[in-house]
There are 2 protein chains.
Amino acid sequence: MDVPHSSSNAINLGRLATDIGFLLRLAQVKVYERYFREYGDRHIKPGEFSVLWAIAHNPGVRQNVLCQELIIKRSHMTKLVRSLEDRALVSRRVPDEDRRGVELTITDKGQTLVDEIAPWFFAFEDCLGEKMNATEREKLKAQLLKFIASETED
Amino acid sequence: MDVPHSSSNAINLGRLATDIGFLLRLAQVKVYERYFREYGDRHIKPGEFSVLWAIAHNPGVRQNVLCQELIIKRSHMTKLVRSLEDRALVSRRVPDEDRRGVELTITDKGQTLVDEIAPWFFAFEDCLGEKMNATEREKLKAQLLKFIASETED
DNA sequence: TATTGTTATACTCTATAACTATA
DNA sequence: TATAGTTATAGAGTATAACAATA
């Protein structure tokens with residue numbers, strides 16, 4: 001198996017070069033770098049968009065459910081949601097049925113932003129790994145989904 | 001294709017559920033969570049080990065080369081290396097040939113630590129995705145390597 | 001001028017724990 | 001007691017920019 005840098009570089013990473021954790025980190029850093037290189041001036045971060053998108057597709061979703069689904073810590077979600085609320089992109093409502101919780105709904109302004117962002121956000125996704133062919137990209141996604149499933153509910 | 005949470009959950013993530021960037025983040029978070037659940041008391045973080053390991057396998061490696069190979073920013077590498085030096089695990093030497101740089105070498109104490117850590121660090125790696133079979137894990141690694149290569153030198 | 005490493009600052013995401021309000 | 005959310009604090013890792021020393 002070909003390892004990263006093996007052809008162009010003097011350094012020997014040994015087993016680390018095929019460590020799944022290491023490879024996942026490299027892959028994510030590459031995506032992150034490219035996102036900010038190409039869309040850094042768009043002023044929306046991947047984490048923010050994922051929350052906004054999830055609320056848009058699940059009106060009235062409870063904040064706690066978002067935490068579980070997107071694997072974001074509660075304390076961090078509080079900040080993310082507040083930031084979105086400060087920009088009038090989402091609204092919060094305390095339901096009478098259970099006044100401990102908060103229901104989140106996207107605003108018209110938020111929906112307009114999602115409609116504007118989603119095309120290029122997912123176009124970016126389609127470009128990732130563009131030097132692989134479509135079949136290989138789908139294989140990678142499928143293997144990642146299996147991996148995540150195998151590491152869930154242990 | 002099966003998407004995460006689709007069977008057990010009420011929330012609809014739409015296209016986000018198969019977004020490569022999102023999947024990479026989920027996979028990495030799962031690895032991170034498991035590492036600290038199982039090895040949190042070992043007092044060595046994955047990033048630290050990767051630097052220590054790379055120095056052990058490349059005596060006299062230049063700090064800047066480590067930055068490029070492990071994709072760690074220079075300012076962050078300074079802190080990482082200093083932390084390792086403070087624990088007497090690596091030593092620094094300014095070469096006469098180019099006094100701008102620093103050559104890194106592992107100490108006897110550092111080598112002893114690497115010898116102690118490496119077995120369980122890589123055993124952890126072997127356990128990741130253990131519910132997938134070995135062939136599928138190798139496929140995932142292969143696809144990740146292709147992906148990283150396709151996102152390098154753009 | 002360019003390169004290597006350091007320092008400083010800031011932001012994201014993580015973790016933990018204490019706290020309030022509600023169930 | 002347990003749950004939902006908030007607040008506070010800390011740490012890792014990222015980014016940027018300015019800086020000194022050297023090439």
Side-chain angles (χ1 to χ4, degrees), chain A residues 21-22 24-37 39-41 43-51 60-86 90 92-104, chain B residues 21-22 24-51 60-86 90 92-104:
Chain A
F22 181 69
L24 285 172
R25 175 183 166 273
L26 288 193
Q28 216 198 352
V29 168
K30 293 288 182 188
V31 172
Y32 190 81
E33 279 180 350
R34 184 167 174 185
Y35 183 89
F36 285 98
R37 190 166 64 241
Y39 296 134
D41 55 344
H43 302 301
I44 184 100
K45 283 154 284 186
E48 284 180 332
F49 177 74
S50 69
V51 171
V61 67
R62 289 282 293 273
Q63 198 164 308
N64 195 36
V65 173
L66 275 190
C67 290
Q68 292 166 8
E69 294 302 301
L70 303 179
I71 316 194
I72 290 175
K73 283 279 178 284
R74 286 185 304 165
S75 56
H76 186 212
M77 186 61 78
T78 295
K79 296 176 204 165
L80 272 176
V81 169
R82 177 171 306 156
S83 164
L84 295 174
E85 194 189 19
D86 287 347
V90 304
R92 295 152 42 90
R93 174 184 163 269
V94 175
D96 289 334
E97 317 86 76
D98 185 342
R99 306 193 60 256
R100 291 175 303 184
V102 174
E103 285 179 0
L104 302 168
Chain B
F22 181 69
L24 285 171
R25 176 183 166 273
L26 288 193
Q28 216 198 353
V29 168
K30 293 286 182 190
V31 172
Y32 191 81
E33 279 179 350
R34 183 166 174 186
Y35 183 89
F36 284 98
R37 190 165 64 243
E38 299 184 5
Y39 296 134
D41 55 344
R42 297 291 217 283
H43 302 302
I44 184 98
K45 283 153 283 185
E48 283 180 332
F49 176 73
S50 69
V51 171
V61 66
R62 289 282 293 272
Q63 197 164 309
N64 195 35
V65 173
L66 275 190
C67 290
Q68 292 165 9
E69 294 302 300
L70 304 179
I71 316 194
I72 291 174
K73 284 279 179 283
R74 287 185 304 165
S75 56
H76 186 211
M77 185 61 78
T78 295
K79 295 176 205 165
L80 272 176
V81 169
R82 177 170 307 156
S83 163
L84 296 174
E85 195 189 18
D86 287 347
V90 304
R92 294 152 43 89
R93 175 184 162 269
V94 175
D96 289 335
E97 318 86 75
D98 185 343
R99 306 194 60 257
R100 291 175 303 185
V102 174
E103 286 179 359
L104 302 168

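Chain letters run A, B, ... following the sequence lines, proteins first and then strands; every chain starts at 1.
Comparing D/dT14, D/dG5, C/dT14 by their nearest atom to the side chain of A/Val102 picks out D/dG5. Distances were taken from every side-chain heavy atom of A/Arg100 (C-beta onward) to each of D/dT3, D/dT14, C/dG5; the shortest belongs to D/dT3. For A/Glu33, counting side-chain heavy atoms from C-beta on, the closest listed nucleotide (D/dA15, C/dC13, D/dA12) is D/dA15. If you check C/dT6, D/dT14, D/dA15 against the side chain of B/Gln63, the one that comes closest is C/dT6. For A/Thr78, taking side-chain heavy atoms from C-beta onward, the closest of the listed nucleotides D/dT7, C/dT14, C/dT9 is D/dT7. Here the nucleotide nearest the side chain of B/Tyr32, chosen from D/dG5, D/dT6, C/dA15, is C/dA15. Among the nucleotides D/dT14, D/dA15, D/dA23, the one closest to any side-chain atom of A/Val29 is D/dT14.
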Enumerate the protein-to-nucleotides 16-19 of chain C contacts in which both atoms are nitrogen or oxygen and the separation is below 3.5 Å.
from: C/dT16; atom 1: O4; to: A/Ser75; atom 2: OG; distance (Å): 3.1

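Side-chain atoms of A/Val29 and A/Arg25, non-hydrogen and from C-beta on, do get closer than 4.5 Å to each other. Between B/Leu104 and B/Leu84, the closest side-chain pair of non-hydrogen atoms is not below 4.5 Å.
In terms of position along DNA chain D, the nucleotide closest to A/Gly101 lies nearer the 5' end than the nucleotide closest to the other residue of the pair A/Lys79 and A/Gly101. Summary of the strand contacts: A/Lys45 and A/Glu97 both lie near DNA chain C, and taking for each the nucleotide with the nearest heavy atom, the more 5' one is attributed to A/Lys45. A residue-by-residue look at B/Arg62 and B/His76 shows that B/Arg62 has its nearest nucleotide of DNA chain C further toward the 5' end.
Rounding to whole angstrom units, CG of residue A/Asn64 and C1' of C/dA23 are separated by 14 Å. Whole-Å rounding puts the B/Glu48 CD to D/dG11 P distance at 13 Å. In this structure, the CE atom of B/Met77 is 12 Å from the C1' atom of C/dG5, given to the nearest Å. With rounding to whole Å, B/Asp98 atom CG is found 12 Å from C/dT3 atom P. In this structure, B/Ile71 atom CD1 and D/dT14 atom C1' are separated by 13 Å, rounded to whole Å. Rounded to whole Å, the distance from CG on B/Leu84 to C1' on C/dG5 is 16 Å. Atom CD in A/Glu103 sits roughly 10 Å away from atom P in D/dG5 (whole-Å rounding). Taking atom CD1 of B/Ile44 as the reference point, atom P of D/dA12 lies 12 Å away to the nearest angstrom.
Contact annotation: side chain of B/Arg99 to base of D/dT22, donor-acceptor pair absent below 3.5 Å.
Distances shown here put every side-chain N or O of A/Arg92 at or beyond 4.0 Å from the OP1 or OP2 atom of D/dA4.
With sequence neighbours excluded, the residues that form a side chain to side chain donor-acceptor pair (under 3.5 Å) with B/Arg100 are B/Asp98. Evaluation of the side chain to side chain donor-acceptor pair (under 3.5 Å) rule for B/Ser83 yields B/Arg87 as partners, not counting sequence neighbours. Remark: B/Tyr39 engages B/Tyr35, B/Arg42, B/Trp120, B/Phe124 in a side chain to side chain contact (heavy atoms under 4.5 Å, CB included) (not counting sequence neighbours). Every side chain to side chain donor-acceptor pair (under 3.5 Å) that A/Arg93 has, sequence neighbours left out, goes to A/Glu103. Shown here are the salt bridge (Lys or Arg N to Asp or Glu O under 4.0 Å) partners of B/Glu33, two or more places apart in sequence or in another chain: there are none.
Distance check: A/Met77 CE to A/Ile71 CD1 gives 11.0 Å after rounding to the nearest 0.5 Å.
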